[in-house]
Amino acid sequence: MTLRRILHAADIHLDSPLQKLGTYEHAPVQRIRNASRRALENMVRLAIDQSVDLVVIAGDLYDGDWPDQNTGLFFVAQAGKLVKAGIPIVVIRGNHDAANVMTSSLPLPKNPDGSDIMMRSDAVDLRRFESIGIAVHGRSFRTRAESENLAADYPTPLNGMFNLGLLHTSLTGAEGHAPYAPCTPAQLADKRYDYWALGHVHARGHHGFEGAAPVVFSGNIQGRHVRETGPKGCVIVEVDGRNQCTHSFHELDVVRWQNCEIDVSAMHHLDEVVDAYQASLAHSLDQVGDRLLVMRVGLTGIASLHDQLHQHSNQLAASLRAIALSHGGDRTWLEGLKIHTAPPSGKPTIGLDGPMASLAAVVAQLRGDDAANELVGQELRSLVKKLPPEVTAGSTPLPLDDPQWIGELIESSAADVIGRLQTEGTD
Ligand SMILES: [Mn+2]
């Protein structure tokens, strides 16, 4: 057996909805909406260009039940291209597209050897590709919340074959990911397979032990929001004649989400913030090629500019957008501006007296006091409950449990109120 190549992808979330993106002004909604389809097309093109021998998709191919048949038809067309090129595909269902989540289905093409693309969910399934010496062991999720250790039932490896385990799992848990099909890297290593192709965790990562089979999350092929930053894509596994393998990452994304953090500690004018953004934007545009660059700008540091930033945040955001438009055109979109700065400590806010000084003092007291932030969170929660449903419907719930978010809210509200009171009556 000579060199063989396997393309490992996961978490395609085809036609994933845009959540609250539609509510943003100037958002390039269409390009972001189509990004998962374009990234899947890139994956199929890569598989064919590199003449891979097999494609495996480790769950969450779909984001959930299809809004209409077009989502399913799009995958059928892409799978058809692979099969026509002689490349077999093996797919398992994850929590998002578990057997009991999907209410409709379409007939999928058969693999070149006549086998099914989708693996069963009632037991561990096997695809044995004799001509390339590769065996795939995998099992689909039956239900959205698989709490069992699915890996436990995976069988012993087949002799003389390259054995690949295909699994949708959170392993021992990952921040921001539901704890489904839990198992440990040691349990996977004990199976003595040659490679574990995992899905579910959207950040790329390697969890194998030194000298043992790689245990790899390929991550999703396209970032879906500002918390999924940086290059996204798939892994290509190269297997040699002795069934030893190496693996490498390949970018597939068409929209690149990025955080642009600017430390404003040493700055004294808002213009300096704009200049720093411009420099960072130029650098990032160089890196992303012809992708759409979506940036969130975050300002940090203990800054003498703190009050000014809050008081003129709308003006500043507009200036940054102007820079984005004039330097990036339709290649970039500024998703938002977040101010996370703190005022210099021990230095009372200049020129304040009376009620404004009291307000500044209260904010100084609240700063870093998690118990107080929690109390403010509770107050806000009861206020939010009183809002009429037409105000809250369709919007993302506020993170009222997050003391850090509350802290930032207090900080920016206080700076805003003080700013408004100071400018009142001066013109
Ligand atoms: Mn998942």
Side-chain angles (χ1 to χ4, degrees), residues 7-19 35-37 39-40 43 55-67 71-72 74-75 89-103 105 117-122 124-125 136-154 164-185 187-188 196-207 215-230 232-235 249 252-253 257 396:
L7 188 154
H8 162 205
D11 300 282
I12 289 159
H13 291 267
L14 195 61
D15 292 344
S16 169
L18 296 179
Q19 293 167 8
S36 62
R37 290 191 179 202
L40 180 60
M43 186 198 89
V55 169
V56 297
I57 299 176
D60 289 358
L61 165 61
Y62 303 115
D63 189 65
D65 211 9
W66 306 330
T71 304
F74 188 82
F75 179 69
I89 319 155
V90 181
V91 179
I92 54 171
R93 300 173 178 282
N95 53 308
H96 277 268
D97 52 1
N100 80 336
V101 170
M102 308 300 289
T103 56
S105 68
I117 286 177
M118 194 65 81
M119 285 191 139
R120 55 199 287 181
S121 63
D122 53 349
V124 184
D125 208 347
V136 180
H137 309 271
R139 180 175 171 174
S140 286
F141 272 35
R142 282 165 304 186
T143 60
R144 182 174 270 274
E146 259 316 339
S147 54
E148 270 176 60
N149 176 351
L150 293 185
D153 291 337
Y154 278 46
L164 181 144
L166 188 59
L167 181 64
H168 198 74
T169 176
S170 55
L171 286 182
T172 52
E175 199 183 327
H177 294 279
Y180 295 142
C183 59
T184 67
Q187 286 166 337
L188 298 184
W196 279 97
L198 306 186
H200 186 52
V201 176
H202 289 186
R204 211 162 48 248
H206 181 262
H207 300 262
V215 174
V216 177
F217 282 109
S218 58
N220 49 353
I221 66 170
Q222 170 60 62
R224 298 174 311 150
H225 47 68
V226 78
R227 290 186 307 284
E228 297 182 344
T229 54
K232 295 284 183 178
C234 66
V235 168
F249 171 70
L252 298 173
D253 53 351
W257 298 85
T396 325

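One is the number of the first residue; the rest follow in order along the sequence. First listed ligand is number 1; within each ligand, the first listed atom is number 1.
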- Query: Would you say the side-chain atoms of Asn220 and Glu228 include a donor-acceptor pair closer than 3.5 Å?
  - Reply: yes
- Message: Could you check whether Trp196 and Tyr154 have their ring centres less than 6.0 Å apart?
- Response: yes
- Message: Taking the cut-offs as 6.0 angstrom to the six-membered ring centre and 45 degrees off its axis, would you call Arg204 and Phe249 a cation-pi pair?
- Response: yes
- Item | Heteroatoms of the protein, restricted to N/O/S, which lie under 2.8 Å from the Mn ion (ligand 1) | Asp60 OD2, Asn95 OD1, His168 NE2, His200 ND1
- Item | Side-chain heavy-atom pair Arg224, Lys232 within 4.5 angstrom cut-off | no
- Task: Hey, can you tell me if Tyr180 and Phe141 have their rings parallel, tilted or perpendicular (30° and 60° cut-offs)?
- Result: perpendicular
- Item | Interatomic spacing from CG in Asp97 to OG in Ser140 - rounded to 0.5 Å | 8.0 Å
